[in-house]
Q: 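Before I ask anything, let me first share the structure, which is written out below as structure tokens.
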Amino acid sequence: MKIRTRIAPSPTGAPHIGTAYVALFNYAFAKHQGGEFILRIEDTDRERSSREAEQAILAALKWLGLSWDEGPDVGGSFSPYRQSERTALYQDAARRLVAKGAAYPCFCAPERLAELRRAQTTVKDGFLGYDGRCAALSSQEAQRRIQAGEAHVLRLRVPAEGDCVLRDGLRGEVRIPWNKVDHQVLLKADGFPTYHLANVVDDHLMEITHVIRGEEWLSSLPKHVLLYQAFGWQPPEFYHLPLLRNPDKTKLSKRRNPVSILYYQRAGILPETLINYLGLMAYSFADGREQFTLAELAESFDIKRVSLGGPIFDLQKLQSFNGRRLRELPLDELLGRLQTWGLNEETWRKVLPLAQPRLNQLADLVPLAAFLFADRQLYEPAALLNTGLSGQRVARLLRLAQWEIERSAEWTLDAIKQIFERMAQLEGLKLKQLLAPFYIAISGAVVSLPIFDSMLILGRDMTLARLQYAREALAEAGCALTKDELAELEKTYRAQYGGGG
RNA sequence: GCGCCUAUCGUCUAUCGGUCAGGACACCAGGUUUUCAUCCUGGGAAGCGGAGUUCGACUCUCCGUAGGCGCGCCA
């Protein structure tokens with residue numbers, strides 16, 4: 001049987017470094033054995049999924065050299081590869097589960113579930129999850145209520161007692177008590193499947209033989225094997241990779257680290273360095289090699305060599321590896337890399353109109369535009385405070401801008417302008433006042449090129465990184481927001497801006 | 001709170017019961033270099049704690065401890 005693995009990203013945000021990490025191992029595993037690597041888009045969350053995000057993920061993985069044999073862009077014999085285009089399949093599968101009694105309709109309103117949750121968290125007996133009320137409904141009664149047009153979801157029927165015995169390819173046997181497994185919603189009220197259903201159905205239909213994914217999924221594995229059993233399908237083999245961590249050991253998050261692949265691209269990390277470094281996370285070559293290419297990794301890949309401690313993503317080591325590669329490049333190639341990276345005519349044509357009015361000598365250009373090609377701009381943290389706004393205020397504004405930028409659908413001059421104009425209005429500031437600290441954060445200076453155009457050229461991810469750097473600088477100057485202040489700010493943000501943090 | 005996973009230098013890791021516990025990043029010192037960087041050489045730095053199994057445990061088992069993840073009509 002042909003080895004088939006897949007990466008199944010959800011297009012809900014910037015392409016995540018963790019996606020590349022998991023994709024890399026799936027790719028290497030499949031290619032090592034002459035198998036196929038598939039890309040599937042898990043866009044079952046209608047609220048948050050977007051085509052822009054999907055495009056960005058595809059582009060980022062391509063940039064890294066992780067090519068797939070089948071996917072939404074290249075097609076394949078198991079198409080479509082976008083879950084939003086496969087809903088009939090899931091609905092049909094869900095119907096079969098109900099017919100077999102493996103799933104049941106649930107009419108509980110979100111309000112009741114929220115109430116239930118609240119009650120459960122106060123009791124602290126350890127039980128959190130659906131109480132099974134609708135599981136007891138007779139099929140006639142359920143049928144009647146469905147016919148009456150009552151909104152409902154489909155839930156997985158989970159055994160009440162005993163242990164679920166699982167196999168993870170890296171850990172061996174794992175036992176999880178059934179009574180700790182929630183009656184997972186399989187089909188939402190909008191008719192869309194949840195991850196759990198869609199994932200199992202697609203992995204089966206697409207003949208995935210090995211599921212290599214993040215450890216965060218280990219605890220929902222019982223639901224998945226239960227589904228395979230209910231369908232009467234042979235489950236694939238499962239391998240759960242340890243999660244990438246922040247320096248404080250928590251799961252890698254943008255709070256502490258840039259997590260967008262696009263940021264690393266923008267900062268001038270070579271794709272082969274990122275692949276090399278990611279291949280060092282939780283993995284080692286039998287011969288101790290630490291410098292390698294994607295092809296070399298695939299050639300010698302042995303999934304049993306994955307180690308299980310959660311690796312901390314260390315920017316310094318990544319940069320050190322990148323430096324070594326840059327130094328080894330022949331001059332012509334280095335020049336070529338710089339050009340494809342962004343030092344090219346196309347960029348200058350964008351920059352020049354901004355710089356021209358500010359030039360007295362040609363020699364003024366490069367210093368003026370340098371920040372557009374930099375990663376971290378160095379400036380005195382105090383500069384952020386010489387803006388007529390208090391440190392606390394600036395910290396809040398930076399955070400608000402991050403949220404607004406993250407949630408903006410597009411990255412265009414108009415979109416950026418709107419974000420800040422709206423912010424100025426909601427904050428009761430003149431645009432000029434509001435922007436003052438942002439000039440420092442983005443360009444490192446009070447006098448600079450037009451800021452919205454600069455953000456556009458820098459790209460969303462580098463812009464976000466600059467705001468993050470500014471918050472860090474502020475924290476150094478003693479103006480960090482406390483956890484409580486942040487929570488408070490998020491509440492205000494939701495109320496005033498109508499966004500989620 | 002409950003369940004599961006994990007545990008070697010600060011960090012990434014090697015070690016398939018017997019090693020002076022090795023390498024890489026970072027750090028420190030010295031050398032090369034007009035400065036710096038590079039490069040070279042050297043150095044400090046680790047088996048979470050306690051029982052057990054064994055002639056012998058970093059390695060196997062158990063109990064602690066710590067960390068992580070999960071407990072959504074998100075994935």
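Quick note on labels: first sequence line is chain A, next is B, and so on, each numbered from 1.
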Q: Under 4.0 angstrom, heavy atoms only, what part of the nucleic acid is A:Gly288 near: base, sugar-phosphate, or nothing?
A: nothing
Q: A:Pro110 near the nucleic acid: base, sugar-phosphate alone, or nothing, with a heavy-atom cut-off under 4.0 Å?
A: base
Q: When you check the side-chain N and O atoms of A:Asn246 and A:Ser253, is any donor under 3.5 Å from an acceptor?
A: yes
Q: Could you check if a side-chain atom of A:Arg86 sits within less than 4.5 angstrom of a side-chain atom of A:Arg82, using non-hydrogen atoms only?
A: no
Q: I'd like to know if A:Glu150 and A:Arg144 make a salt bridge, using a cut-off of under 4.0 Å between side-chain N and carboxylate O.
A: no
Q: Looking at A:Arg46, does any N or O in its side chain come under 4.0 Å of the phosphate oxygens OP1/OP2 on B:C74?
A: no
Q: Give one of base, sugar-phosphate or nothing for A:Val174, where a contact means two heavy atoms less than 4.0 Å apart.
A: sugar-phosphate
Q: Have a look at A:Lys180 and say if it touches a base, only the backbone sugar-phosphate, or nothing, with a 4.0 Å heavy-atom cut-off.
A: sugar-phosphate
Q: On the nucleotide B:G70, are OP1 or OP2 found under 4.0 Å from the side-chain N or O atoms that A:Lys251 carries?
A: yes
Q: Need one value for A:Thr250: base, sugar-phosphate or nothing, where a base atom within 4.0 Å counts as base even if backbone is also close, heavy atoms only.
A: sugar-phosphate
Q: Can you check the distance between B:C58 and B:U65, where both ends of the measurement are the P atom (answer in whole Å)?
A: 23 Å
Q: Using a cut-off of 4.0 Å on non-hydrogen atoms, how would the nucleic acid contact of A:Arg324 be classed: base, sugar-phosphate, or nothing?
A: sugar-phosphate
Q: Indicate yes or no: does A:Arg324 engage A:Glu328 in a salt bridge with an N to O separation below 4.0 Å.
A: no
Q: For a quick check of understanding: with a heavy-atom distance under 4.0 Å over all strands, which category does A:Leu128 fall into, base, sugar-phosphate or nothing?
A: base
Q: With a 4.0 Å cutoff (strictly under), does any side-chain N or O of A:Thr44 reach OP1 or OP2 of B:A75?
A: yes
Q: Partner lookup for B:G42, please. Criteria are Watson-Crick or G-U wobble with both distances under 3.5 angstrom; report none if nothing qualifies.
A: B:C28
Q: So, does A:Lys188 get its side chain near the phosphate of B:A75, meaning an N or O under 4.0 Å from OP1 or OP2?
A: yes
Q: Taking the nucleotide of RNA chain B with the nearest heavy atom to each, does A:Ile312 or A:Arg117 sit closer to the 5' end?
A: A:Ile312
Q: A:Arg48 near the nucleic acid: base, sugar-phosphate alone, or nothing, with a heavy-atom cut-off under 4.0 Å?
A: base
Q: Please name the nucleotide paired to B:C9 by Watson-Crick or G-U wobble geometry with both distances under 3.5 Å, or report none.
A: none
Q: When you match A:Phe321 and A:Ser284 each to their closest nucleotide on RNA chain B, which lands nearer the 5' end?
A: A:Ser284
Q: So among A:Asn179, A:Leu226, A:Val181, which one has a side-chain contact (heavy atoms from CB on, under 4.5 Å) with A:Pro159?
A: A:Leu226
Q: Counting the atoms with a prime plus P, OP1 and OP2 as sugar-phosphate, which does A:Ala282 contact under 4.0 Å by heavy atoms, base, sugar-phosphate, or nothing?
A: sugar-phosphate
Q: With rounding to whole Å, what would you report as the distance between B:U35 and B:G18 at their P atoms?
A: 50 Å
